[in-house]
Number of protein chains: 2
Amino acid sequence: MILKYDEVVRTGIARQVSDNIRSAIMDGRLKIDERLPTEEELARSFGISRPTVREALKRLAAQNLIHSKRGPTGGNFVKRPDPEGLSKAITGAATLLVGIGAFDIEEIITARLETEAVCCRLSAANRSEADLAAMEAEIAVQLDETISDEDFCASDVRFHRALVDSTGNGPLKLMMYTVIEAFIPITNMIVFRVRERRHVASLHQEIVDAVRARKDAKAADALARLLAYVRESYSAVLDARAKRDVPSQASA
Amino acid sequence: MILKYDEVVRTGIARQVSDNIRSAIMDGRLKIDERLPTEEELARSFGISRPTVREALKRLAAQNLIHSKRGPTGGNFVKRPDPEGLSKAITGAATLLVGIGAFDIEEIITARLETEAVCCRLSAANRSEADLAAMEAEIAVQLDETISDEDFCASDVRFHRALVDSTGNGPLKLMMYTVIEAFIPITNMIVFRVRERRHVASLHQEIVDAVRARKDAKAADALARLLAYVRESYSAVLDARAKRDVPSQASA
DNA sequence: TTTAAATATAGGTTTGACAAATAGGGGAAT
DNA sequence: ATTCCCCTATTTGTCAAACCTATATTTAAA
């Protein structure tokens, strides 16, 4: 028997069961795509009721560790972990963190600058023609003055995603999802009003040109100017707010 | 009424309910620390049974969005999103990805080198005396030859964590947890046999010295040599394996 | 006034049942 | 004999009604 009941004492049976199964998955005792025992069997082998087993399984499903299927060939299966699903989860949580103001915009911009500069460097070394084309395509979108602000911001996010993808480094891409899905949107949300699209697009173009020419330093420099512009725009927003809300305290 | 039943059509009631509540939290319709209606009330207002409501709530609990408390003042409460919890989740998933071999060690080392170099740079600018002391303390542990390999690796992880913390950049710390909790352990797991502790500790010391002296370039250089050593050790492990397993195919 | 027991309220768990999806087999029509 | 359709078995999905357990509040006794 793969799963054992761990001498439970008091509370949180569902939690303990889910932890038990989770560690079985992590340890490799349960392999990918393997089918778990039926819920009834689990209930019997753990000595608990089926709804409790189901609560435990739901926890795992919420963490994208298993998925379920009905019918004779159905059951609960160990899910192949996918970076996509992980990035979705990260995105949601990081967005919440940003939403409650856990980070201030200054440190977000600094983090963006430093980590995206890394991407520029690696991109210059590893980018393919397809990567360059993807970035150029987004710049083309950004130069179209008829699109909405939302579309512009979405294209901005896709541009940076393409930049990250062009590094060809899986672990780095995983880390950068947080930046792309949470930090870029929040910076955009703040500065999109005062930002000039053409200027942003031209800085994007500089990055692509440098990456195409394998000039990592140039790309990093263009990125630095892009984020300096973002920082500047942010200050402009702050000033405007200060002037509007509390005219006597316009400096801070 | 805050929560509404969304004209469900077919399957996945629990899922729909959890999505419904989740978006209420994300939108801010449910604020932090606010108490949800009791499970019974939720069941009534959604027109479903309490076990189903509980499954939905378990999903949210698994995503660290709510927590529950028993008793008269108990209930299900919207949880304040914390970077710790998020990093735990990321770590677990990233560890799984590493475990199934989604990334190869080369790209992990590259990602570590680039991102930790960023930390060196920011650390040199922002480190406090307490940060330096924390790093020194770990080096002291690493110089104690009586400790086990596990303890040495754990101290190694804590050293790098201290380095990341010393940047004082919240968003960056969030991203770096993936490196610290998933990527460093996996690299350690592979190379710990052939690595010389004293050499590793002395490179750690070089990093601290450079950071103390506000020399970001020197710190980054020491880090680069540390990871070059890791890469070298990894090659040694590979060679040893090749020689042992398939003597005729020792190159790759 | 302090302390301890009773109570009310909420989540935690169980039992037992039925509904819904689905793969596979068996029977009827061609 | 082959093909198509329905039927059934299996497994997850949902429901209902209870009882258990933890805990804050209230009440009563010392």
Side-chain angles (χ1 to χ4, degrees), chain A residues 1-3 5-22 24-25 30 33-79, chain B residues 2-3 5-22 25 30 33-79:
Chain A
M1 190 199 304
I2 293 172
L3 304 169
Y5 192 60
D6 256 351
E7 280 308 322
V8 172
V9 256
R10 287 288 169 81
T11 58
I13 296 180
R15 162 144 203 155
Q16 292 175 356
V17 170
S18 78
D19 286 349
N20 188 321
I21 298 176
R22 175 172 29 252
I25 294 173
L30 287 169
D33 289 334
E34 185 172 339
R35 198 189 112 165
L36 303 185
T38 68
E39 297 180 350
E40 207 164 341
E41 283 168 347
L42 283 173
R44 242 185 306 120
S45 82
F46 279 98
I48 59 178
S49 72
R50 196 176 144 227
T52 306
V53 168
R54 283 181 59 74
E55 284 195 2
L57 295 176
K58 283 302 163 193
R59 298 179 73 93
L60 299 175
Q63 291 167 10
N64 263 294
L65 285 172
I66 64 171
H67 66 101
S68 58
K69 220 181 80 179
R70 285 202 269 206
T73 63
N76 289 286
F77 299 85
V78 178
K79 203 165 170 176
Chain B
I2 292 172
L3 304 169
Y5 193 61
D6 255 351
E7 282 306 321
V8 172
V9 257
R10 287 290 169 82
T11 60
I13 297 179
R15 164 147 200 151
Q16 292 175 354
V17 169
S18 78
D19 286 349
N20 189 321
I21 298 176
R22 176 174 28 253
I25 294 173
L30 287 168
D33 289 332
E34 184 171 340
R35 200 190 108 167
L36 302 185
T38 70
E39 297 180 351
E40 209 164 340
E41 284 169 346
L42 283 173
R44 241 184 307 118
S45 82
F46 280 99
I48 59 179
S49 71
R50 189 167 158 235
T52 305
V53 167
R54 283 180 59 77
E55 283 195 3
L57 295 177
K58 283 299 167 194
R59 300 179 71 93
L60 299 174
Q63 291 169 16
N64 263 296
L65 286 172
I66 64 172
H67 66 100
S68 57
K69 218 182 78 177
R70 286 203 268 204
T73 63
N76 291 96
F77 299 84
V78 178
K79 203 165 171 177

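Chain letters run A, B, ... following the sequence lines, proteins first, then strands; residues in each count from 1. All values reported here derive from a predicted model rather than from experimental measurement.
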dT11(D) OP1/OP2 closer than 4.0 Å to side-chain N/O of S68(A): no
Return the nearest nucleotide to the side chain of S49(B); candidates are dA17(C), dA16(D), dG11(C). dA16(D)
Which pair of non-hydrogen atoms, one from I66(A) and one from V78(A), has the smallest distance, and what is that distance? CG2-CA, 4.3 Å
Exercise: identify the closest heavy-atom pair between A62(B) and A62(A): CB-CB, 3.7 Å
L36(A) and L57(A), any side-chain heavy atoms less than 4.5 Å apart: yes
What is the distance from [atom1] of [X] to [atom2] of [N], rounded to the nearest Å?
{"X": "R50(B)", "N": "dA17(C)", "atom1": "CZ", "atom2": "C1'", "result": "18 Å"}
{"X": "K69(B)", "N": "dT25(D)", "atom1": "NZ", "atom2": "C1'", "result": "13 Å"}
{"X": "R15(B)", "N": "dT14(D)", "atom1": "CZ", "atom2": "C1'", "result": "17 Å"}
{"X": "I13(A)", "N": "dG12(C)", "atom1": "CD1", "atom2": "P", "result": "11 Å"}
{"X": "F77(B)", "N": "dA10(C)", "atom1": "CZ", "atom2": "P", "result": "10 Å"}
{"X": "I48(B)", "N": "dA19(C)", "atom1": "CD1", "atom2": "P", "result": "18 Å"}
{"X": "R44(A)", "N": "dT15(C)", "atom1": "CZ", "atom2": "C1'", "result": "16 Å"}

Detail all sub-3.5 Å separations between protein N/O atoms and N/O atoms belonging to nucleotides 4-10 of chain D.
{"unit_1": "dT10(D)", "atom_1": "O2", "unit_2": "P72(A)", "atom_2": "N", "d": "3.3"}

Residue-level proximity of residues 52-61 of chain A to DNA chain D when a heavy atom falls under 4.0 Å: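 Of all residues in residues 52-61 of chain A, the ones placing a heavy atom under 4.0 Å from DNA chain D are R54(A).
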Residues in salt bridge (charged side-chain N to carboxylate O under 4.0 Å, His left out) with R15(B), at least two apart? D19(B)
Test side chain to side chain contact (heavy atoms under 4.5 Å, CB included) on N76(A) and L60(A) and set out the steps. CA-CA 10 Å; N76(A) 289 286; L60(A) 299 175; over 6 Å; no
Specify the residue among E40(B) and P51(B) whose closest nucleotide of DNA chain C lies further upstream toward the 5′ end. E40(B)
S49(A): partners by side chain to side chain contact (heavy atoms under 4.5 Å, CB included), with sequence neighbours left out: P51(A), T52(A)
Listed by chain and number, what are the side chain to side chain contact (heavy atoms under 4.5 Å, CB included) partners of E40(B), not counting sequence neighbours? T38(B)
For V17(A) and V53(A): C-alpha separation, side-chain torsions, deciding distance, then whether side chain to side chain contact (heavy atoms under 4.5 Å, CB included) applies. CA-CA 7 Å; V17(A) 170; V53(A) 168; 5.5 Å; no
Taking only residues two or more places apart in sequence, or in another chain, which ones meet S68(B) in a side chain to side chain donor-acceptor pair (under 3.5 Å)?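 Side chain to side chain donor-acceptor pair (under 3.5 Å) list for S68(B), sorted by chain: empty.
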